[in-house]
Amino acid sequence: MTIRNFTRREFLRDTAATGGAAAIAGSGGKAWAVPAAADPPVPTQHRVTIRLNGTERALQLDPRTSLLDALREQLYLTGTKKGCDMGACGACTVLLDGKRVNACLVLAARLDGREVKTIEGLADGDQLHPLQAAFIEHDGFQCGYCTPGQIMSAAGLLNEGRPLDEHSIREWMSGNICRCGAYPNIVSAIRQASGRA
Amino acid sequence: MIPITTASRVDGRLKVTGGARYAAEFAPAQDNVLHAVLVQSTIAAGRVASIDTARAKQVPGVVAIMTHENAPRIDLGKAGDMTPGFPLLQDDRVMFNGQHLAVAIATSFEAAQQAAQLVELHYNRDEATLLMSDNPTGTSVPQRFRNGMRPPASTRGTPQASFDAAAVKIDQIYRTPIEHHNPMEPHATLAEWQGDRLLVHNASQSVFGNRKALAGFFGLPEDNVRIVSPFVGGGFGSKGVSWPHITLAAMAAKLVGQPVKLVLTRRQMFTSNGYRPKTVQHVRLGADRDGRLTAVLHDGISQNSAYGEFSEPVGLASEMLYSCPNVAVTHRLSKVNQGLPTFMRAPGEASGVYALESAMDELAWALGMDPIELRLKNYADRDEHEDKPFSSKTLRACYEQGAAAFDWKRRVAQPRSMRDGRLLIGLGMATATYPVNRSEAAAKVRLQADGTAIVRCGSQDIGTGTYTVMAQLVGEHLGLPLDRVRAELGDTALPQAPVSGGSQSVASISPAIREACLAVRAQTLQLAAGDPASPLHGLDPEELDVADGRILQSAEKSRGETYQALLARQGRAAIEADGSAKPGEEKQKFSMHSFGAQFVEVAVDPDLGEVRVRRHVGAFAAGRIMNAKTGRSQMIGGIVFGMGMALTEATEVDPRSGRVTNATMADYLVPVHLDVPEIEVIMVAEQDDAVNPLGAKGIGELPTVGTAAAIANAVYHATGQRIRDLPIRPDKLIDGLSI
Ligand code: FES
Ligand code: FES
């Protein structure tokens, strides 16, 4: 299955029925306000079923809810992190049908029948995934906040079947920001895991 | 067994499985949390004329819109000197663009966001000073420099006259821009009132600081406020003081009578929690022809807000880094309508040493001298500013070992003389220095009947490895493997510890933990020696030791028993002890600093002006390193932080509105994977028995210092262009490259 990329246009179309365009994130105040004619909308709830970490989950969703917020606020799966909420940091990376996506850019209501894997679903029971073990061994993190995104992104990268040397790992991981600057250790961890995986 | 000092992080498993919970990820027991979204000003100065919340309140799920008109009143007088008392919705003033003016509170995040958009603000505008000029006038002297602990200016000798008379002079202005910490975890507060008790989960570098602030604002005894912060997704200084959104979350929870969660958006993190202020620094160096410094003058101006005071102490390193009889340093402030600046990784040193070490490089060129040789020529064997000996200083070895690892001698002195194909190659170096800090701290250690131990200390782990160091100390002193020690931190219900800032955590809490461990150990040995059923009965506790979860006779290691056996026989659930420690006289006797040397190779594209760091070697002497693995990571991270400062980071402010124009992670450019090359860290051996009982000096900030200067110096070597205005982006180089 291919990845659906949701554009701003699609987002607006999806939420237009409920007049929810004003929900696009931004700082408050007049500069961001919607035209005065739009009354506060009453969002319709959407029902979807997703396959999450191998288990079917039925969800009732505000159409504006991102996959990231659905995971964190509704399902209490807080391993997936919110760093920017606008597709710029990679902290929210999950696998959607096996491919890495920024969960903050995906509308949860559009995922009916899709398969989502988060950091909570990566290990095999108590047995850590080789990437997880390598991140610990190589100290591929400090504060740990970017870590689930780094690991899921690396898991997606390994699935992509590219030849991976140090440079290409850096290139293909550049969407995942680590403000603690753990980059060299992350690259070592991915190199090790890619040899094993 | 892996030696304990290279142990992996004890919280590693939680972090790689998504099990580590950060402030926004807790839920109150009743699952009745409301979501709060801030509304911020769109003008930089004036008053709120009116607020129309009618449409916002119609959004389904909205519970309340809190503004200065209906916000709970709080006491602004008792929150402590370090706590910003503005903007807290207590009046109608607007002092900067992006200031909090309202809080939308709703049952869902989506509804709160929508309502926040629909709050209509009307203003009476005032004149505003939106930007700090590149050549500020009308500056002022800080009133509370370094929290009133130091004068904002100092002079020794005859700096001006010596500079005027110097044979060789450097006289330049260096500028650094506004920079934002941008920890990956957005600031988040979950506030819950239980009667007149307040429970707050907060992304915090200082739970006890937060407690003092909130108790003060709400007029509560400190014991009524509990702050919890077990994991913090980076701080870099931005989570140190109690920023207004924390209090606003608690006010909102009070207003609606329900728990409230407030998470800053990334955009809001550019106006809500401080920043490294812009600086303009005038540096003058005078030297004789042999390269001996005869005058050092460093005049720094830093940006300040219109409502509080924060002064970037750029000149402090210039007072002591080199031996020179004539030194003058001043600090002044330039007031603008922007938010309050704050501490950011190596506050003062990061910006100030960039200027000083760039100027030293310029002086080396003017003298035709090797930059390391110039620094060695002016090596300070004692702190001439404080007129005290250093507790330890191993900077010479940092220069030597760094230069050797980097192969500094391959550098051809002439600028633009080294190439790799079409790329211009440059090698640069700079010195790093950062003071050693320490505060009072307390800890509790509990050895349990099941043979495990718990160490409790209300410090924070912001990625610094505090959990690991705490567990290691207990492991070391009680002879336990790390998986049998649980460390608890980030909670005001635990013994008090200071802010995780100023690289002081390990130095502050370790002696307290050690003391508690030694007390537990002494009690345990005593118990064993006095127990007729123990195989160690009758021995002098002095003859006993602990290892591998056992108490044993030092001379006859097979004779002994497990903790479990002893405690079970004694019918004890646990053996527990407190420890506390505070700085002694050492600061009066010694000047205490850590030092390092940074070496950088850059490649500059002559057609594009793009600078890539190809290699970095940092050699640091910071006393005892508690854990070589996590310590190395922290040093690498500090260098990466400095790379961003050097090459990409700057917060841009719209000159017409005072609004931050690049308030996203896509536009404020921090280093990404591809920007970071091989980094080699050398931990130069250093023993310091004076700084504190462990001899650890702190490493969180030192590696950021000097990185920007080393890169700027390498860029000069590559291109012949001296960039005195960070960051060194292609536009600043491109014109000069085409000649
Ligand atoms: S939170 Fe999704 S990319 Fe930053
Ligand atoms: S580990 Fe802190 S942001 Fe990556």
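Labels below follow one simple rule: chain letters A, B, ... track the order of the sequence lines, proteins then strands, and each chain is numbered from 1.
Chosen from B/V672, B/V640, B/T17, the residue pairing most often with chain A at heavy-atom distances under 4.5 Å is B/V672. Of the listed residues (A/H167, A/R179, A/R170), the one with the most heavy-atom contacts under 4.5 Å to chain B is A/R179. Heavy-atom pairs under 4.5 Å with chain A peak, among B/G644, B/G61, B/G637, at B/G637. When the candidates B/V263, B/N182, B/L14 are compared by the number of heavy-atom contacts under 4.5 Å with chain A, B/N182 comes out ahead. For the set B/V33, B/I679, B/V232, the count of heavy-atom pairs under 4.5 angstrom toward chain A peaks at B/V232. Of the listed residues (B/H181, B/R21, B/E678, B/M643), the greatest number of heavy-atom pairs within a distance under 4.5 Å of chain A belongs to B/H181.
Neither the backbone nor the side chain of B/T464 comes within contact range of chain A; no heavy atoms are under 4.5 Å apart. Neither the backbone nor the side chain of B/D52 comes within contact range of chain A; no heavy atoms are under 4.5 Å apart. Neither the backbone nor the side chain of A/Q74 comes within contact range of chain B; no heavy atoms are under 4.5 Å apart. At a 4.5 Å heavy-atom cutoff, the contact between B/P671 and chain A is made by backbone and side-chain atoms alike. With a 4.5 angstrom heavy-atom cutoff, B/F109 touches chain A only via side-chain atoms. When heavy atoms are compared at a cutoff of 4.5 Å, A/E120 approaches chain B by way of both its backbone and its side chain. In this structure, the portions of A/M173 lying under 4.5 Å from any heavy atom of chain B include both its backbone and its side chain. With a 4.5 angstrom heavy-atom cutoff, A/L122 does not touch chain B via any of its atoms. For B/A27, the part lying near chain A is the side chain, with the backbone staying farther off; criterion is any non-hydrogen pair under 4.5 Å. Heavy atoms closer than 4.5 Å to chain B are found in the side chain of A/N185, but not in its backbone.
Using a 30° and 60° split on the angle between ring planes, B/F236 and B/F641 fall in the tilted class, from 30° to 60°. Aromatic ring orientation, B/H245 versus B/H187: perpendicular (interplanar angle above 60°, classes split at 30° and 60°).
Annotation: side chain of A/C104 is not in contact with side chain of A/K82 (no heavy-atom distance under 4.5 Å).
Cation-pi contact between B/R9 and B/Y467: absent, since separation from the ring centre below 6.0 Å together with deviation from the ring axis within 45° is not met.
Residue pairs that meet the ring pair (Phe, Tyr, Trp, His ring centres under 6.0 Å) test with at least one member in residues 139-163 of chain A, sequence neighbours left out, are A/Y145-B/Y22.
Using a cut-off of 4.0 Å between Lys/Arg side-chain N and Asp/Glu carboxylate O, B/R659 and B/D654 are scored as not salt-bridged. Under 4.0 Å is where a charged nitrogen must lie from a carboxylate oxygen, and between B/E185 and A/K81 no such pair does. Salt bridge absent: A/E171 and A/R162 never bring a charged side-chain N and a carboxylate O closer than 4.0 Å.
The SG atom of A/C146 sits 7.5 Å away from atom CG of A/N176, with the distance rounded to the nearest 0.5 Å.
Looking at A/R64 and B/Q113, their side chains never bring a donor and an acceptor atom within 3.5 Å of each other.
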